[in-house]
Amino acid sequence: MDLTFSTEELEFRDELRGWLEANLPGEEPRGDEDAIYAFRTEWQRTLYDSGWAAVHWPQEYGGRDATLMQSAIFFEEMGRIGAPLPANVLGLLLAGPTIMAWGTDEQKDRYLTPILSAEEIWCQGFSEPEAGSDLAAVKTRAVRDGDDWVVTGQKVWTSGAQYSKWCMLVARTDPDAAKHKGLSYFLMDMEQEEVQVRPLVQITGEAEFNELFIEEARIPHANMLGEEGNGWIVALTTLMNERSGLGFFLQVRLRQMLDRLIAEAVANGKIDDPVISQSLGDMLERTETLRLTAYRGLSTIMKYGQPGPEGSLTKWLWSETNQMMTQLAVDIVGPQALHSANPWSYELLRARGNSIEGGTTEILKNIIAERVLGLPRK
Amino acid sequence: MQFDFTEDQHEIKRTAKDLLAQRSTSEKVRTAAESGSYEQSLWAELAELGWPGVAISEDHSGGGLGIIELATLLEEGGYALANSPLLASAACAIAIQEAGSDAQKKEWLPKLASGQVTGSFGIAGQTFPDLVDAAITVSVSPDGSSATLIDVSAAECNAVETIDPTRRYGEFSEADQSGEGMPGDGAAALDISTVIVSAELVGICQRALDMTVEYVKDRKQFGRPVGSFQAVQHRCAQMLLNTEAARSVTYYAAWSADADRSLLPEASALAKSSASKAGVEVTGSAIQAHGGIGFTWEADVHWFYKRAQMDAAWLGGTKTHRERLTRIAAAQAA
């Protein structure tokens, strides 16, 4: 057991730190979605120009062949220094790896480089109004018409759709096949009249997400990823990449938030309140547990090629902790924390989404019970 | 970074698990608990294998390995709920190694490492595991700033009955003034004992979880296994989360004792805060998931609950250690 970074890992980290210190952009704009998007696009181009856009990608596709540990270090450092996320985060983390795993040579040549350079932004068309946690229940239909597929349906929670050139789309190509077997995975061009994007205003008042209304959109057959009827399996590749690396970014941000809270409690004297002190101790325990469990999970995957039982727990623990911590902030800061101008008010509301997005906590518990503990299904 | 045991450490852990699965069966645990006495042959065998002195230096006839190795043995001891003075005696030896004078080390470490005598360890005025039969004991102040070596045969102490019959406990009488000062690092002694009892709690949690998963797969109500009900499934998922959380921080703390002592005070508080909570909640949850049978003397889950309660409270529980975590973080922030 060795919980220090190896020489190679330290060299990687120090090179990255040096680069980040020299190239970090200024403060991210607040509130204006278009301005945020432009800022993050510019940031991704800067990363791309120096070969930092996707360290976990293979070198032949413009990455650095980073190990999982180096990739974790990358996201930790990005979080630590307060760097923004790149504009095409879904392309880099989800679409790219899925295309690498399932794409033809032509598809890889066509799509990967523009993902890296932020020339083409990607969004994810999985969830539907009637298919949330029950993802395989998607109803969006794709019907073959010559060399094309004609697609009709509705998608929801598609973040960044208004800026996207491409959409990872799961649609039903065989309505008669069993639920999971009738699906196919498409790369859909968003630049067509038949795809309408409508912002979905969330409880924070902003619109990170959208609804997609798809009315007889056309997708060439060449844009199917994987075989016809294989969409569920391809989608699982995407979902398995969903939190890779990003967890380390979020975990560092959570700890920074806690450090601000402790500083506030020290400054206003609430630290001497034993109830507050207990709650902060709980938060310290949780944030350290997250960090250590994430590293333990990574070591397991690197050594044994598959995740251990701890791998399924961090998203649950993170979302619960973020909700508890933002609530504790109201106790420590007082009602001013709920003034709209106070950043805690946004964090408190945004945290409500954490236990829903990317798999609800209830679904995660089902998965842990059935797949990790081997309990019988209904 | 390699947050996993080395092959040697895995081998030690596997061997310990296999041995205790044979030597410390549920029947033996029950017999020992109900009779209030340990099976001497188990302790003799563990001593023969060098377990009590695994983390004592070779200069003092120990195994020369680290706290990580000792923690793996205690984790498996907790898993099997082994009835032996291993925790108390190993904690005593580590405390003498950390806090003792050269003469104290020379006199006691070889005897403790070989299992020829047993020791105990605790916070002054509180409960001492396996005290009455011990030859020697280290008593520390609550913050570890002072440590005292006590010759048990010359001290006024007696056995106390607790809720946990799987281990014997004792206390010193209030009037007892015996003992000699120890010049070394009492705080490190306390921190390391805090880590190894956390390891025992991790093992207890894992066993309670395994027993529960097995039971709810088997037990049928309404014509189906109760483990297929979501309420039961989510309870089991929570047990896994608590167990794995305690495991992550406990392994980290054991590593810090061996590799980076500057991290040990915070890491030991993290370990005990998490493991005490997990121990009490996971074993309590195990009783609940077993339903009525879980509340009977006849089922084995209560032994784990009782040991977990004592371990959780010993050397400070979750609230004590959370307060300590906040104090350390606040000092860094100020």
Side-chain angles (χ1 to χ4, degrees), chain A residues 1-6 9 69 72-73 258-259 262-263 265-267 271 274 276-286 288-300 302-304 308-310 312-313 316-317 320 361-362 364-370 372-378, chain B residues 1-6 9 66 68 209 212-213 216-217 224-230 232-241 243-249 251-252 254-256 258-260 263 266-267 269-270 273-274 277 318-319 321-334:
Chain A
M1 191 175 288
D2 181 9
L3 306 191
T4 55
F5 288 126
S6 68
E9 287 160 357
M69 196 61 77
I73 292 169
L258 176 57
D259 288 342
I262 291 170
V266 169
I271 196 90
I276 295 290
S277 166
Q278 282 296 310
S279 301
L280 286 171
D282 186 13
M283 294 301 116
L284 286 159
E285 184 190 312
R286 284 166 168 273
E288 277 297 275
T289 300
L290 262 171
R291 178 178 75 88
L292 293 163
T293 304
Y295 274 120
R296 190 155 73 86
L298 216 51
S299 291
T300 306
M302 289 173 81
K303 195 161 162 187
Y304 304 102
E310 69 285 338
S312 55
L313 301 167
W316 167 15
L317 184 59
E320 193 176 79
T361 298
E362 287 74 13
L364 292 176
K365 288 182 187 177
N366 290 352
I367 290 172
I368 291 161
E370 286 168 11
V372 180
L373 297 175
L375 294 179
R377 301 182 69 120
K378 280 198 293 284
Chain B
M1 173 166 319
Q2 183 57 259
F3 198 156
D4 186 26
F5 295 128
T6 62
Q9 288 161 348
I68 293 179
L209 174 59
T212 301
V213 166
V216 301
K217 278 183 188 173
R224 56 193 249 209
V226 296
S228 68
F229 292 109
Q230 214 166 31
V232 176
Q233 292 191 342
H234 288 192
R235 176 180 292 282
C236 292
Q238 184 69 53
M239 292 167 77
L240 179 76
L241 175 62
T243 304
E244 293 299 330
R247 188 189 303 283
S248 293
V249 292
Y251 289 176
Y252 164 66
W255 170 83
S256 76
D258 290 334
D260 188 347
L263 301 171
E266 186 185 2
L270 265 175
S273 165
S274 179
K277 180 181 71 176
T318 297
K319 292 187 175 65
H321 288 283
R322 276 189 185 161
E323 198 268 331
R324 204 173 151 214
L325 284 174
T326 303
R327 217 166 351 101
I328 293 170
Q332 285 163 355

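The sequence lines fix the lettering, A, B, ..., with proteins before strands; numbering per chain opens at 1.
Side-chain atoms of B:Ser273 never come within 3.5 Å of backbone atoms of B:His321 as a donor-acceptor pair (strictly under, hydrogens ignored). A donor-acceptor pair is defined here as one N or O able to donate and one able to accept, closer than 3.5 Å; no such pair exists between the side chain of B:Ser274 and the backbone of B:Leu270. For B:Ser248 (side chain) and A:Thr289 (main-chain N/O), no donor-acceptor pair under 3.5 Å exists by modelled atom type.
Note: B:Leu240 CG to B:Thr212 OG1 = 12.0 Å, rounded to the nearest 0.5 Å. A distance of 12.0 Å separates CZ in B:Arg324 from OG1 in B:Thr326, rounded to the nearest 0.5 Å.
For a residue to count as touching a neighbouring chain, one of its non-hydrogen atoms must lie under 4.5 Å from one of that chain's; by this rule A:Leu3 touches chain B with backbone and side chain alike. Interface remark: B:Val249 contributes backbone and side-chain atoms alike to the contact with chain A (heavy atom separation under 4.5 Å). If you measure heavy-atom distances from B:Phe229 to chain A, you find no contacts under 4.5 Å at all. Interface remark: A:Glu362 contributes backbone and side-chain atoms alike to the contact with chain B (heavy atom separation under 4.5 Å). In this structure, no portion of B:Gln332 lies under 4.5 Å from any heavy atom of chain A. With a 4.5 angstrom heavy-atom cutoff, B:Leu209 touches chain A only via side-chain atoms. For B:Gln230, the part lying under 4.5 angstrom from a heavy atom of chain A is the side chain only.
Counting heavy-atom pairs closer than 4.5 Å to chain B, the top-ranked of the candidates A:Ile276, A:Thr4, A:Leu290 is A:Thr4. Ranked by heavy-atom pairs shorter than 4.5 Å toward chain A, the options B:Ala333, B:Ala329, B:Ala259, B:Ala269 are led by B:Ala329. Chain B forms the most heavy-atom pairs under 4.5 Å with one residue out of A:Ile262, A:Leu298, A:Ile367, and that residue is A:Ile262. In terms of heavy-atom pairs under 4.5 angstrom with chain B, the leader among A:Asp2, A:Leu317, A:Ile368 is A:Asp2. Contact tally against chain A (heavy-atom pairs below 4.5 Å) for B:Ala246, B:Ser256, B:Cys236: the top residue is B:Cys236. Heavy-atom pairs under 4.5 Å with chain A were tallied for B:Arg235, B:Arg224, B:Arg247; the largest tally goes to B:Arg247.
With respect to B:Lys319 and B:Glu323, no salt bridge is recorded, no charged nitrogen being found less than 4.0 Å from a carboxylate O.
Qualifying side chain to side chain contact (heavy atoms under 4.5 Å, CB included) partners for B:Gln9, counting only residues two or more places apart in sequence or in other chains: A:Met1, B:Phe5, B:Thr6, B:Ile68, B:Glu69. Partners of A:Glu9 by side chain to side chain contact (heavy atoms under 4.5 Å, CB included), not counting sequence neighbours, listed by chain and number: A:Phe5, A:Ser6, A:Met69, A:Ile73, B:Met1.
In summary, of the residues considered (A:Arg296, A:Met302, A:Lys303), a side-chain contact (heavy atoms from CB on, under 4.5 Å) with B:Phe3 occurs for A:Arg296 alone.
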